There are 2 protein chains.
Amino acid sequence: MSSPQPRATVTMSDVAKAAQVSLGTVSNVLNHPERVRSEVRERVLATITRLGYVRNSAARTLAAGGSNTVGYVMVDIANSLYTDVARGAEDVTSSSGMYLVAANAGVRGGTPRQAAYIDHFIEDQLQGILLAVFDNDVSGAERIRRAGGRVVLLDVATDVDVDACTVRIDYELSGYLAAEHLLRQGRRRLAFVGGLREIHAVARRLAGAERAVAEHGGASIEFLPSGDLQAEDGRAIAHRIASRSRAEAPDGIVAAADLVATGLMQALLPEGFRFPQDIALIACDDNQSGRDNAVPLSTIDLPGYAVGQAGMNLLLDEIRNPEHVHRRVVLAPGLSARESSVGRERVGRER
Amino acid sequence: MSSPQPRATVTMSDVAKAAQVSLGTVSNVLNHPERVRSEVRERVLATITRLGYVRNSAARTLAAGGSNTVGYVMVDIANSLYTDVARGAEDVTSSSGMYLVAANAGVRGGTPRQAAYIDHFIEDQLQGILLAVFDNDVSGAERIRRAGGRVVLLDVATDVDVDACTVRIDYELSGYLAAEHLLRQGRRRLAFVGGLREIHAVARRLAGAERAVAEHGGASIEFLPSGDLQAEDGRAIAHRIASRSRAEAPDGIVAAADLVATGLMQALLPEGFRFPQDIALIACDDNQSGRDNAVPLSTIDLPGYAVGQAGMNLLLDEIRNPEHVHRRVVLAPGLSARESSVGRERVGRER
DNA sequence: CTGTTAGCGCGTTCAT
DNA sequence: ATGAACGCGCTAACAG
């Protein structure tokens, strides 16, 4: 903190002088209190508050050769998945006596800002970095490792190859749970709506949904892709569905994302489709944007908090355990059944 | 970053040696490129990448006497208001060439964790700190200033007295806009539901609602308080409302928070109340939890992004402008009308 | 248990 | 334009 009013910064040796002890003793009071006689300790502590001394963590980090802080770089703080991760990570971090600082690259900032923050954290001598980046971009993780740092990759694709721990969400299971839920409601003509096969998470969800259908005789599923996963994509596909005969319309829909589901509902309700009577609808992830839905939306919930916890535990192990070996953790999503798929009477949470 | 495999860290003098120049020249290449002949500059840069040199920001901060980073401490990353603030602040920060790091104290962490992060940031020699804390707790801001640091207080009460810039949200206007919106829909028996007068934001909202009613002849408003602002509080009050005769039930409700509104709806719909036909409902802030509503909820939106921008601009001015004087900025909320207050046909955004 | 000292890695004077 | 030397504030050895 540079002083607004050029007030001379109080250093440890100022404290030492004022407390009539040596520099090393002050350092000991701060870092190894048990090594100092309590009488002296009290005197030093009193002097510290009297003078308003504050540690300089730059000097501290430099001399000690490392900080007691870990970092978390996220692509989008507006996405609740990543804030859930932050809470999970923070709770683990603080209960282990360290500090967690976060940086938000932001979807609009794109890869450059992401890379800038990664570099910034690398230069900060952090103990380790939690990285939640775009699908398969491991370049940041590689830079961290090249610089000799520790990193745990969060929410990556199944097939990434990195020299680091990873925590993934089982998106295939997302799709499976969603479709299986619809099948259990007696739906047979399913549709998977939204996204492109090229998008890893979408492809996995679709695969999961198809697996559920395959396990279930007499049911079918079609893929209705869209370029993006916004509400307007949902509306566009809704119009295609509405133009069919009722007998050809799906009676169960797995939306690739909740905004897509919102769009579907917005455009299908005015066409006379009822949820869930005509179509049971469930969205494959829950990014807090479903608030405008006329009918509460069933969703597959992402285990963000658990991802944060697991990631930080992995990182702490790498920091503290000399025998640490990298691990890949996979976490399961859960089903939150709401009215859009089961009607008002049977709402609840399953697994 | 301490090295997992004890790989000797590459320092500037390593680079200097390898590039056949002196330490000072390498420093100049990094900090004042124009002072160095381009030929030499290229050679140094090449050596840097070849050796995988990364700056040590601890040493840098120590020698330079300050970092190029600002901090943001928030009470609750799960509250969208604070992530909106983060985005606004981040966009201003990065477009001015600095870095923003955030720390989440967390509601569960409480004041101690908040204080810990503030101290941590103080010790980090940051250029300044953005603080979004509990209502009136200025102790953190005071500690920062005592340590000679810069701070901007966000989302504070009207009457706080601090030696710092502040950015506030006009909660009184929130209540006013909400009530005025209901009155415009022809509602006359209003109720303000949820919270305690002791809570600053609630008191202001209630005052605003009362002002709107006072300006409007023939209308009345009653205050139905609750201990907290959760959905269950809304449900509890709903039962009190349902036990009245229909003629005595309000025809317009301002909920102090959107969870309260959700609770109201949950308990009132089964009693046969329709929204907005019987009761027009609007919530006074929008913390992303309204997703479970059967009817899309009208809300007063908090200008979080603008708060972040304004706050960071204030902080940057304090950092760069020697003639900086503290200012108090007040930002206005906006009305998002949805079906819970106006029915399906006239939904839109006003001001 | 206490005091002394040598760096940690880098930015910034100065001379050249 | 370039290089040598000093010090930022602190930690961790070590000596006493």
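Because the structure is predicted, anything quoted here is derived from the model rather than measured. Note: hydrogens, waters and symmetry copies are ignored here, and every other heavy atom, side chains too, is used. Labels below follow one simple rule: chain letters A, B, ... track the order of the sequence lines, proteins then strands, and each chain is numbered from 1.
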Separation of atom [atom1] in [X] from atom [atom2] in [N], rounded to whole Å:
X	N	atom1	atom2	result
B/Asn68	C/dG11	CG	P	11 Å
B/Gln125	D/dC8	CD	P	13 Å
A/Leu23	D/dA12	CG	C1'	12 Å
A/Ile48	D/dG9	CD1	C1'	14 Å
B/Asn28	C/dC14	CG	P	15 Å
B/Lys17	D/dG3	NZ	P	14 Å
A/Met12	D/dA12	CE	C1'	11 Å
B/Arg60	C/dC8	CZ	C1'	17 Å

If you look at every heavy atom in B/Leu331 and B/Ala310, which pair is closest and at what distance?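 Closest approach of B/Leu331 to B/Ala310, heavy atoms only: CD2-CB, 4.3 Å.
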To check you understand the geometry: which heavy-atom pair defines the closest contact between A/Thr47 and A/Val15, and what is its length?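 Between these two residues, the closest heavy atoms are CG2-O, 3.9 Å.
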When you measure from the side-chain N and O atoms of [X] to the phosphate of [N], is any distance below 4.0 Å, counting only OP1 and OP2?
X	N	value
A/Thr25	C/dG3	yes
B/His32	C/dG11	no
B/Asn31	C/dG11	yes
B/Arg55	C/dC10	no
A/Thr9	D/dG9	yes
A/Arg37	C/dC1	no
B/Ser27	C/dC10	no

**Message:** Nearest to the side chain of A/Asn56, heavy atoms from C-beta on, is which of D/dC10, C/dC10, D/dA4?
**Reply:**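 Side chain of A/Asn56 sits closest to D/dC10.
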So which one's nearest nucleotide on DNA chain D is more toward 5', B/Leu62 or B/Gly24?
->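 In this pair, the answer is B/Gly24.
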Exercise. Remember a base hit wins even if backbone is also touched, and classify B/Val36 as base, sugar-phosphate or nothing at under 4.0 Å, heavy atoms.
Key: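 Answer is sugar-phosphate: B/Val36 comes under 4.0 Å of backbone atoms only.
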> Hey, does B/Leu30 reach any base, or is it just sugar-phosphate, or nothing, if we go heavy atoms under 4.0 Å?
Replying inline: nothing
Partner of A/Tyr305 by side chain to side chain donor-acceptor pair (under 3.5 Å), out of A/Asp84, A/Thr83, A/Asp91: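 Going through A/Asp84, A/Thr83, A/Asp91 one by one, the side chain to side chain donor-acceptor pair (under 3.5 Å) with A/Tyr305 is satisfied by A/Asp91 alone.
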Review point. So A/Val85 and A/Leu154, side-chain contact (heavy atoms from CB on, under 4.5 Å) or not? Walk me through it.
Key: CA-CA 9 Å; A/Val85 169; A/Leu154 269 26; 3.7 Å; yes
**Item:** Within-4.5 Å side-chain heavy-atom neighbours: A/Glu90 and B/Tyr117
**Value:** yes
Sorted by position of nearest nucleotide on DNA chain C, 5' first, the leading residue of A/Ala63 and A/Ser22 is A/Ser22
